[in-house]
Amino acid sequence: MLYSVPDEALAHIATPWLVLMGIDDFHPEPVSRRLAGLAPGAELVEQWKVEPHVADGRAAVDRFLAAHLV
């Protein structure tokens with residue numbers, strides 16, 4: 001279970017998710033990976049928070065929004 005959401009519930013969420021992988025105590029990497037693995041519509045962005053990956057992270061967000069906004 002991820003905090004208050006059972007794994008079984010995550011497997012049934014059809015909404016696309018963009019998971020920006022955490023790298024600290026409050027947003028640990030294993031939780032990001034698990035969430036992205038359990039939610040069928042999830043896309044994981046591993047590197048985004050620090051240079052030289054910031055521009056790639058922004059581009060991933062832009063692509064995700066362009067693909068999923070109606």
Side-chain angles (χ1 to χ4, degrees):
M1 179 155 68
L2 291 170
Y3 301 106
S4 63
V5 180
D7 293 354
E8 300 80 28
L10 291 171
H12 297 287
I13 297 174
T15 304
W17 297 30
L18 184 64
V19 180
L20 302 174
M21 188 161 70
I23 57 172
D24 58 39
D25 290 341
F26 297 103
H27 308 97
E29 175 187 335
V31 173
S32 300
R33 291 190 184 282
R34 188 163 177 203
L35 175 60
L38 290 171
E43 175 184 337
L44 178 64
V45 177
E46 295 183 13
Q47 300 285 330
W48 65 275
K49 194 170 185 177
V50 296
E51 293 295 349
H53 307 288
V54 173
D56 292 337
R58 286 185 185 140
V61 171
D62 289 344
R63 280 191 304 275
F64 180 84
L65 292 175
H68 299 291
L69 286 179
V70 189

Report summary line: Here the pair of heavy atoms bringing Pro52 nearest to Asp56 is O-OD2, 4.5 Å
Query raised in the report: With hydrophobic residues grouped by side-chain heavy-atom distances under 4.5 Å, do Leu44 and Val54 end up in a single group?
Result: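 Each belongs to a different hydrophobic cluster.
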Requested in this report: Only pairs at least two apart or in different chains count here, so list each ring-ring contact (aromatic ring centres under 6.0 Å, His included) that has a residue in residues 37-67.
Outcome: Phe64-His68
Query raised in the report: Taking only residues two or more places apart in sequence, or in another chain, which ones meet Leu65 in a side chain to side chain contact (heavy atoms under 4.5 Å, CB included)?
Result: Val61, Leu69
Distance-only criterion, 3.5 Å: show the donor-acceptor pairs between side-chain atoms of residues 9-24 and protein atoms not counting sequence neighbours.
| from | atom 1 | to | atom 2 | distance (Å) |
| --- | --- | --- | --- | --- |
| Trp17 | NE1 | Thr15 | O | 3.1 |
| Asp24 | OD1 | Phe26 | N | 3.0 |
| Asp24 | OD1 | His27 | N | 2.7 |
| Asp24 | OD1 | His27 | ND1 | 3.3 |

Query raised in the report: Which residue pairs satisfy the salt bridge (charged side-chain N to carboxylate O under 4.0 Å, His left out) criterion with at least one member in residues 57-70, sequence neighbours excluded?
Result: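 Qualifying pairs: none.
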Report summary line: The salt bridge (charged side-chain N to carboxylate O under 4.0 Å, His left out) partners of Glu46 (sequence neighbours excluded) come to Arg33
